[in-house]
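Working notes, beginning with the structure itself.
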Amino acid sequence: MTAVDSPVRTVEHADRGPLSRDEMAQAIARDIEAGSYVNLGIGQPTLVANHLDIESGVVLHTENGMLGMGPAASGDAVDPDLVNAGKVPVTELAGASYFHHADSFAMMRGGHLDVCVLGAFQVSQHGDLANWHTGAPDAIPAVGGAMDLAVGAKRVFVMMSLFAKDGSSKLVESLSYPVTGLACVSRVYTEHAVFDVGADGVVVRETHGISVDELRERLPVAVRRLED
């Protein structure tokens, strides 16, 4: 299914288990419009690069100064000087270019990216994002370029697990962690479900290994189906 073939009804895949990380990345890759300029955040979002169709013309940007990044490098293709913002070895596609770090951030802040995909500690029902610090005294903050991406990209997708290790939901009514950006996230991809979030609250697009009714029991936010 592509972004053009967006469903009109929520799809429940109760006959299978939760999505793996690669399956989540594959779902995100399918939803990125052909020809888009895209930044993939550090960690899980970098997996999306491995599932993009080169023929789609999607151009990947990395904040350390590259346009035209390809999939992750392996074997003889590894070049220690060619890494993404997470210091993971990557490949370059035909036409790739390199530039100063300041120019890279100007692209992010200037509204030149169509989509960014970020990880998160929490996302609120209205699209607020927390992904740089838990606020715990012993936690190490990691600001990076997430704030610039959150406010600069035209669409912000989040890729995260739905529940924390203690079972609490990462999709929350309001953030309890320090804010990265307000009302910036439009879609959240988790192993159990894909959600649209924003001014109208939370809408479930599809589920995996769980029903919408079960989500309503476990999440601290009101959720609607696409057809509601």
State plainly whether one hydrophobic cluster holds both M108 and V59, where clusters connect Ile, Leu, Val, Met, Phe, Trp and Tyr through side-chain heavy atoms under 4.5 angstrom apart. yes

Measure the acute angle between the ring planes of F121 and Y177, then classify it against the limits of 30° and 60° as parallel, tilted or perpendicular. perpendicular

Pair R155-E33, salt bridge (Lys or Arg N to Asp or Glu O under 4.0 Å): steps then yes or no: CA-CA 11 Å; R155 297 192 73 190; E33 298 277 2; over 6 Å; no

Do the side chains of V202 and V212 join up, straight or via other hydrophobic residues, at under 4.5 Å, putting them in one cluster? yes

Is there a path of hydrophobic side-chain contacts, each under 4.5 Å between heavy atoms of I/L/V/M/F/W/Y residues, joining V123 to L149? yes

Report yes or no: does S36 contribute a side-chain atom to a donor-acceptor pair with the main-chain N or O of V38 at less than 3.5 Å? no

Counting the benzene-type ring for Trp, do F163 and H192 have ring centres under 6.0 Å apart? yes

Please check this pair: side chain of D148 against backbone of F105, looking for a donor-acceptor N/O pair closer than 3.5 Å. no

Minimum heavy-atom distance P71-N50, with the two atoms named: CB-OD1, 3.5 Å

Check whether H101 reaches the backbone of E63 with its side chain - one donor and one acceptor, N or O, closer than 3.5 Å. yes

Can a donor-acceptor pair be found, under 3.5 Å and without considering hydrogens, that links the side chain of H61 to the backbone of N39? no

CA sep, side-chain torsions, deciding dist, call: D128, V179, side chain to side chain contact (heavy atoms under 4.5 Å, CB included): CA-CA 7 Å; D128 304 330; V179 174; 5.6 Å; no

Hey, does Y37 have a side-chain heavy atom less than 4.5 Å from the side chain of L60? no

Please name the pair of heavy atoms, one in E173 and one in P220, separated by the smallest distance, quoted to 0.1 Å. CB-O, 4.3 Å

Are any non-hydrogen side-chain atoms of L52 and I32 less than 4.5 angstrom apart? yes

Should F195 and E206 be marked as a side chain to side chain contact (heavy atoms under 4.5 Å, CB included) after you check the CA-CA gap, both sets of side-chain angles, and the distance that decides it? CA-CA 8 Å; F195 306 91; E206 59 182 320; over 6 Å; no

Any side-chain heavy-atom pair of S20 and E191 under 4.5 Å: no

Is there a donor-acceptor pair under 3.5 Å between the side chain of W132 and the backbone N or O of G145? no

Flag yes if more than 12 heavy atoms outside R9 fall under 6.0 Å of its CZ atom; otherwise flag no. no

Side-chain contact, heavy-atom cut-off 4.5 Å: L82 with T91? no

Any luck finding a side-chain donor-acceptor pair between Y189 and Q44 under 3.5 Å? no

Backbone of P18 reached by a side-chain donor or acceptor of R16 within 3.5 Å: yes

For L219 and S169, the nearest pair of non-hydrogen atoms, with its separation, is CD2-OG, 3.4 Å

Counting only heavy atoms not in D76, do more than 12 fall under 6.0 Å of its CG? no

Please lay out, stage by stage, how V194 and V188 fare under the test side chain to side chain contact (heavy atoms under 4.5 Å, CB included). CA-CA 6 Å; V194 178; V188 180; over 6 Å; no

With a 3.5 Å distance limit and no angle check, can you tell me whether T190 reaches the backbone of L162 through a side-chain donor-acceptor pair? no

Consider only side-chain heavy atoms of I, L, V, M, F, W and Y, link residues closer than 4.5 Å, and tell whether V90 and L40 are in one cluster. yes

Is the backbone of E214 close enough, under 3.5 Å, to the side chain of E217 for a donor and an acceptor to pair up by distance? no

Where do R216 and D228 land on the salt bridge (Lys or Arg N to Asp or Glu O under 4.0 Å) test, with the steps shown first? CA-CA 14 Å; R216 285 173 170 153; D228 289 343; 3.5 Å; yes

Short side-chain to backbone donor-acceptor contact, E227 and T10, under 3.5 Å: yes

Could you tell me which non-hydrogen atom of M66 sits nearest to which non-hydrogen atom of A96, and how far apart they are? CE-CB, 4.3 Å

Decide whether T62 and N84 meet the rule of one side-chain donor and one side-chain acceptor closer than 3.5 Å. no

Heavy-atom closest pair, residues Q122 and V172: NE2-CG1, 4.0 Å

Which pair of heavy atoms, one from D22 and one from H51, lies closest together, and at what distance? OD1-NE2, 3.2 Å

Trace of the side chain to side chain contact (heavy atoms under 4.5 Å, CB included) decision for R187 with V197: CA-CA 6 Å; R187 188 166 294 172; V197 296; over 6 Å; no

Side chains of F157 and C116, heavy atoms from C-beta outward: is any pair under 4.5 Å? no

Check: D200 main-chain N/O paired with R224 side-chain donor or acceptor under 3.5 Å: yes

Would you kindly confirm whether V115 and V156 end up in one hydrophobic cluster when ILVMFWY residues are joined by side chain heavy atoms under 4.5 Å apart? no

